[in-house]
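Notes to accompany the following structure.
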Amino acid sequence: MKRAFDLLLALLALCVLALPLLLVALAVRLTSPGPILYWSNRVGKNNSIFSMPKFRSMRIGTPAVATHLLANPDSYLTPIGSFLRKSSLDELPQLWSILKGDMGFVGPRPALFNQHDLVALRTERGVHTLVPGLTGWAQIHGRDELPIPAKVELDAYYLQHQSFWMDLQILAKTFFKVVRRDGITH
């Protein structure tokens, strides 16, 4: 049922967001050199690697590490990068990953391929068996502000308590967090 819900919601979102997707793509193209999309290798279900698209918010040549590991993340942002990140518009291309089945709407956020500490802790707690999500329990409880062990604890809580009702609550709370821009540091 979860996969059917993800497919239906992704198709509906694509219909509703077609114009905003086009406008953001055009804005990325016009404000900085390089491709519109940034594809990053991410860790999916059972620690398999998949390629996840985002609208490019960082300059070409930015190191492929978690943003919090950059000495001065703001210096790598494109002219509209900060806006894209704070509004979460950079995440919209992940609808493609949802349609493909690499991601769902709700689950732990997919780790970067080189976030070995996060992957190891998630594997230890069994979280790696979940399909990663566009949003998740950890995202509504702190997003960028949480240290890795706290994120994993929240991901493990989701693993143990997941339900369709919980997913709907997470989606609703995510919507309000995005609108208020809560928990975003870069």
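Every heavy atom of this structure was used, including side-chain atoms; hydrogens, water molecules and symmetry mates were not.
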Side-chain donor/acceptor pairs under 3.5 Å, residues 33-46, sequence neighbours excluded:
| unit_1 | atom_1 | unit_2 | atom_2 | d |
| --- | --- | --- | --- | --- |
| S40 | OG | R42 | NE | 2.8 |
| R42 | NH1 | P110 | O | 2.9 |

Among residues at least two apart in sequence or on other chains, which ones pass ring-ring contact (aromatic ring centres under 6.0 Å, His included) with H128?
none
Identify, with sequence neighbours excluded, every residue that meets ring-ring contact (aromatic ring centres under 6.0 Å, His included) alongside F5.
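F5: ring-ring contact (aromatic ring centres under 6.0 Å, His included) contacts with F164.
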Joint hydrophobic cluster, [X] plus [Y], side-chain heavy atoms closer than 4.5 Å:
{"X": "L118", "Y": "F113", "value": "no"}
{"X": "L95", "Y": "L22", "value": "no"}
{"X": "L17", "Y": "L134", "value": "yes"}
{"X": "L112", "Y": "V131", "value": "no"}
{"X": "I140", "Y": "Y158", "value": "yes"}

With a 4.5 Å heavy-atom cut-off, do [X] and [Y] have their side chains touching?
{"X": "F50", "Y": "P132", "value": "yes"}
{"X": "T78", "Y": "V28", "value": "no"}
{"X": "T135", "Y": "V106", "value": "yes"}
{"X": "V152", "Y": "P149", "value": "no"}
{"X": "V119", "Y": "T123", "value": "yes"}
{"X": "K2", "Y": "D167", "value": "yes"}
{"X": "F105", "Y": "T174", "value": "no"}
{"X": "K173", "Y": "H141", "value": "no"}

List, by chain and then residue number, the residues other than L19 in its hydrophobic cluster (Ile/Leu/Val/Met/Phe/Trp/Tyr, side-chain heavy atoms under 4.5 Å); write none if there are no others.
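Same cluster as L19: L23.
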Mind checking what makes salt bridge (Lys or Arg N to Asp or Glu O under 4.0 Å) contact with [X], not counting sequence neighbours?
{"X": "K54", "result": "D90, E91"}
{"X": "R56", "result": "none"}
{"X": "D155", "result": "R122"}

Contact summary for L77 and S82, nearest pair of heavy atoms
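Shortest heavy-atom contact: CD1-CB, 3.9 Å.
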What is the minimum heavy-atom distance between T62 and M58, and which atoms define it?
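Closest approach of T62 to M58, heavy atoms only: OG1-CB, 3.6 Å.
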Residues which pass side chain to side chain contact (heavy atoms under 4.5 Å, CB included) with [X], listed by chain and number, not counting sequence neighbours:
{"X": "P63", "answer": "V65, L70, Y76"}
{"X": "S75", "answer": "N72"}
{"X": "A120", "answer": "none"}

Strictly by ring pair (Phe, Tyr, Trp, His ring centres under 6.0 Å), give each pair with a member in residues 12-34 just once, sequence neighbours left out.
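Applying ring pair (Phe, Tyr, Trp, His ring centres under 6.0 Å) to every pair that reaches into residues 12-34, excluding sequence neighbours, yields nothing.
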Can you tell me how far apart CG (L89) and CG (L21) are? Round to the nearest 0.5 Å.
9.0 Å
Sequence neighbours excluded and cut-off under 3.5 Å, please list the side-chain donor-acceptor pairs for residues 97-104, or say none.
| unit_1 | atom_1 | unit_2 | atom_2 | d |
| --- | --- | --- | --- | --- |
| K100 | NZ | D102 | OD2 | 3.3 |

